[in-house]
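Single-structure report; data block below.
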Amino acid sequence: MIKTVDLTKIYRTDEVETVALNNVNVEVAKGEFVAVMGPSGCGKSTLLNVIGLLDNPTGGEYHFNAQEVAKYTERMRTNLRKSNIGFIFQSFNLIDELTVYENVELPLLYIKMSSAERKKRVNEILDRMKIAHRSKHFPQQLSGGQQQRVAVARAVVTTPKLILADEPTGNLDSANGEEVMDMLTQLNEEGTTIIMVTHSPSFAEYAHRVIQLFDGHIVTENIKKEFHL
Amino acid sequence: MFKNYMKVAIRNLVRHKVISFINIFGLAIGMTTFILIILFVRNEFSYDKFHKNADRIYRITTDIPKENGVYETYPISSGKMGPVLVEQIPEIIKATRIFAYWKRTIQYEDKYFNEDEIFWVDPAFLEIFTFPLISGDSKNALNEPNSVILTQETAKKYFGDINPLNKRMIIENENFTVTGILKNIPANSHLHFDFLLPFAAFDINNVHQQGFSFYTYFLLEKNTKINEIKDKFQTVCQEVTEVFLSGFPVEMDVNFNSLYQALTDIHLYSHYNYELEINGNIIYVYIFIMIAVIIMIIAGINFMNLITAKSEDRANEISMRKIMGAKRNELIMQFLGESVLMSLIAFIVSLGMVELFINPFNNLMNCELSFFYRDNIILFCVIFIISIIIGILSGIYPAIFLSKFNSLKTIRGISQFGNRKSFLRKILVILQFSITIFLISIVFVINSQLTYLKNKNLGFDKEHIIVLKNFSRKIINNYNSVKDELLKNPDIRSVTGSQHIPGEFPSANIVSIEGQDMKTGITMNEFRIGFDFLKTYGIKIKYGRSFSEEISSDIKDAVIINETAAKKLGLESPLGKRLNISGFTYGEVIGVVEDFHFKSLHQNIEPLIIHLQNMWISNISIKIQTNDIQRTLNSIKKECIKFDPFYDLDYYFIDDKFDQMYKTEEQTAKLFVISSILAIFISMLGLFALSSFIITQRTKEIGIRKVMGAPVSNIIWLLSKEFTKWVILANLIAWPIGYFIMDKFLQMFAYKAEMNIWSFIISGLLALVIALVTVGYQTIKTANSNPVDALKYE
């Protein structure tokens, strides 16, 4: 599903050049659950952002669903992203002015869908994430775990093929963290490809494979679980 | 999607209640002021346009030589001109004269009043102007010499609910029949009257003798351009003038030039002596427009600044929307929609505020404005469009700027605002403060000029002088006895009758030294007075003496002139010289008075000739020496009633009369004071909100500085320094502009207060104090906060 060839990302300011990704070659198959680990500043989030089409690479190739997308414009990336990729962040990034229901509904507003269908989808997902009873609440009225469940609901409401999770458990206690990991696992078992950045070795255990990054390079790849197509 | 935008917009408004209130309220105040001033300005421009033929009606003006080839224009013309013009110029299809200077006691049954709003007019008056009759036949209503037309309001005053048509009224002992009732005269007319009497009621010989004492209006044929008849017009007028001048006992050999002015130009552009009423002034209209625009700009800047500042809070939301698939144009639309929504709310609030404040505004500006949407649909649409434009302008910057943000950086908490944004905001705040300082300095300058005008020594004693006006013949015929009776009252120091009064229009006549050609004469103002005039008014004699009852020749053969007249006539020792007034009257100069201001301080002191003329007395001036004015007035009335039981005490104080001359200036000053207060208030609202944003942004810096050992005073200075710099810069912009405009304003006065640099310095300091007080609360609060809290925030 995802294949990068010599992927490079360099951040340049007037005087400093920082190589965030250096000839990274990654392949992620459809339905796979991959964890990305490494020390702070090693390029994990950059990799995730390039894969998530939030950022263009400086060099190399990036194939998404067998399509070369490295040179895509912002508009093309937006179109590809909104129906294919869901995001989950460490700090939830829910919109404070919107209720739980409206936050989850948001990505559906940017793809053409009837309001009846939207309502059905949002309610289904809220039920599934066990957050339906909080649908009229605002994010500030929820606990961290509940907020992340809403964020997960928002990420999966468009039924994306790929979910990118950037330290989804970073702001949660272990119980809530585990709950989120269980959700991700369940989604993965249903066929969604997941790439997750994490600092936690125990949560990395949930993945089929762990990629270790260091200074923009892949240093090791460990297979944790057997994965069959 | 739209619903989602609306929800977010409304929830944002509610969540930031204070800021939203400040934002909407500030803009609404600006819009309200704008609407009210524009209503006023529109009313000023609407004068006399309600006449169906407004664009074809003209008034004749006359240029009369003043001195050394300089002419002065008057809005009056000879009583002959109207009829002759219609007779000789086919393009002039109708003309009417107006004679407006006689006061009359008018009676219906047991009700009587002294009336001075009486117009003697030709029958064509009702055809030229659109003053519709609500009863009576407008074609014939003025045909009979003894007919009278009343306005609705006047009819009510005399007749109550009775139908006045064909009723008899007694005007100066003669019977008149009511032949028509006019709809009340609109406020936006330069002609205001209560009674119309036919010209035929005038003694025609008398008319001719009155010379240039008439207002003549004529109606031009359709499709004729006024310029096409200019030459013909001037030739005919010249002939009429020559006939008029040939009636003088000596050869006048002077030129009067006649011209015309468009009816619709009179209110704003005509400021001659002898205008029918105090007209508006196009300069003030422009000043008012400037104030309206300035207030709107201040409110607009405020609104934009707050919207942009607040938008920084939304960076996270925008990033998330982008990640979720929002396109840039969708985000731009969302932001524009929000700011337009806010400005439209302000628009609706301002409509309510206009309703609320229109009456106080009417009182302030002395007008009768109303804001009916039906009549003001264009203004309504203009304000609506302005609101949308302000909304768009305010939204466009954050919309385009924020939607360009890199979502990733935002999510990671990396600020992308940089200096560009705060630079723009700084410029806007400086501009706002410049305008505020400019307005405050104008208030100081106008007020010092007004104080100067009111306190300037006029060269005579204007205090404690009561002027009685509107007498019946009964009192005038017994003037000497009335005066004797009044003088018995110990509260009354002096009494004098006269035709002319300082502060009212004097007559004007050509005066030359006897024996010299009239061509060498100069146009002089003329005061016809009774004995004790100089004493009553405290006018000082410089050389010679005043009129004396003991010297019989003083009555017919003596004149007093002022210093300017002596100078203009080239008389170094004027005493004993004989002067010729238009060839009709001669007199020996028995005295020269020190120059005094008999007109407003807009004008220089002009030459003046004073002579006795008991026949023409129409005012009695009484100098009183008591503080119990009511008791004196009661006793004056009692004395007058002895001579005319119908006399209704009609009086004014001479100092009030002079104050009224600066009514327009006073009105403008009031409007400036109110606008400045509003401008300051709006700016304070904006600065308050803005400073809270700026201080929030600097919380981390303040925390670190405090940890490093910065004392509270240092932090307060750090935060206030910024605002102080802005205000100082604003002063540098405002002062030269204020100086330039006020210099132009003061040029309208012949006598003016010195422009004082302190007006500007105080305005600047005031603005600085206001700015520091506004930001002070938050600055002190932040400076005193616990540094750990500031760091935790990050």
Side-chain angles (χ1 to χ4, degrees), chain A residues 9 11 13 20 40-41 45-46 48-50 52-56 73-99 101-113 115 118 138-140 151 154-155 157-158 160 164 166-167, chain B residues 1-17 19-20 310-335 337-339 341-342 400 402-416 418-419 793-794:
Chain A
K9 179 74 193 178
Y11 291 110
T13 59
S40 290
S45 293
T46 309
L48 207 63
N49 293 331
V50 172
L53 298 166
L54 292 174
D55 212 351
N56 269 340
T73 62
E74 167 64 21
R75 182 175 283 267
M76 291 160 82
R77 282 188 281 137
T78 302
N79 283 334
L80 192 60
R81 194 169 63 218
K82 67 184 178 189
S83 47
N84 288 297
I85 307 171
F87 292 89
I88 302 167
F89 300 94
Q90 176 179 359
S91 50
F92 325 132
N93 282 322
L94 297 173
I95 295 176
D96 290 342
E97 281 71 28
L98 297 181
T99 60
Y101 180 95
E102 288 156 356
N103 262 295
V104 175
E105 187 192 24
L106 190 65
L108 299 178
L109 294 172
Y110 294 107
I111 52 177
K112 284 201 173 76
M113 185 178 281
S115 68
R118 245 180 8 234
F138 286 92
Q140 306 93 302
R154 184 180 62 181
V157 72
T158 54
L164 298 174
D166 194 350
E167 298 192 42
Chain B
M1 181 56 77
F2 177 72
K3 218 169 105 191
N4 182 274
Y5 289 164
M6 283 295 286
K7 264 187 214 162
V8 176
I10 289 167
R11 282 178 197 159
N12 254 310
L13 280 182
V14 177
R15 195 167 145 207
H16 305 283
K17 277 185 218 80
I19 303 283
S20 305
K310 213 175 82 178
S311 66
E312 292 174 11
D313 281 355
R314 311 279 299 277
N316 202 37
E317 174 195 336
I318 289 170
S319 303
M320 279 322 293
R321 284 183 184 269
K322 278 177 87 176
I323 290 170
M324 296 297 147
K327 295 202 182 88
R328 213 173 144 208
N329 56 354
E330 285 170 326
L331 291 172
I332 291 173
M333 285 313 291
Q334 182 192 347
F335 261 82
E338 270 186 40
S339 53
L341 173 78
M342 294 259 279
I400 291 179
L402 291 181
S403 64
K404 231 166 51 184
F405 271 15
N406 184 332
S407 323
L408 296 172
K409 287 189 181 168
T410 310
I411 287 173
R412 281 196 228 127
I414 299 167
S415 170
Q416 295 166 72
N419 285 330
Y793 166 86
E794 274 295 305

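Note on naming: letters A, B, ... go to the chains in the order of the sequence lines (proteins, then strands), and numbering restarts at 1 for each one.
For B:M333, the CE atom sits in a loose shell: 12 or fewer heavy atoms of surrounding residues, nucleotides or ligands are nearer than 6.0 Å.
Comparing A:I85, A:L54, A:L94, A:T78 by how many heavy-atom pairs each has under 4.5 Å with chain B, the most go to A:L54. Between chain B and the options A:L80, A:L109, A:N79, the largest number of non-hydrogen pairs under 4.5 Å is found for A:L109. In terms of heavy-atom pairs under 4.5 Å with chain B, the best-connected choice from A:G52, A:P107, A:S115 is A:P107.
In terms of heavy atoms, A:R81 sits closest to B:K322 at NH2-O, 2.7 Å.
One distance of note links CD of A:E102 with CZ of B:R11; it measures 4.0 Å at 0.5 Å rounding.
A side chain to side chain contact (heavy atoms under 4.5 Å, CB included) with B:M324 is found for exactly one of A:L106, A:L108, A:T158, A:I111, namely A:L106.
Contact of A:D166 with chain B is not made at all, since no heavy-atom distance falls under 4.5 Å. Contact of A:T99 with chain B is made through backbone and side chain together, with heavy-atom distances under 4.5 Å. Contacts of B:R328 with chain A are absent, with no heavy-atom separation under 4.5 Å from either backbone or side chain.
In this structure, B:E317 and A:D96 have side chains that are not in contact, with every pair of non-hydrogen atoms separated by 4.5 Å or more. By the 4.5 Å heavy-atom criterion applied to side chains, A:I95 and B:R321 are counted as neighbours.
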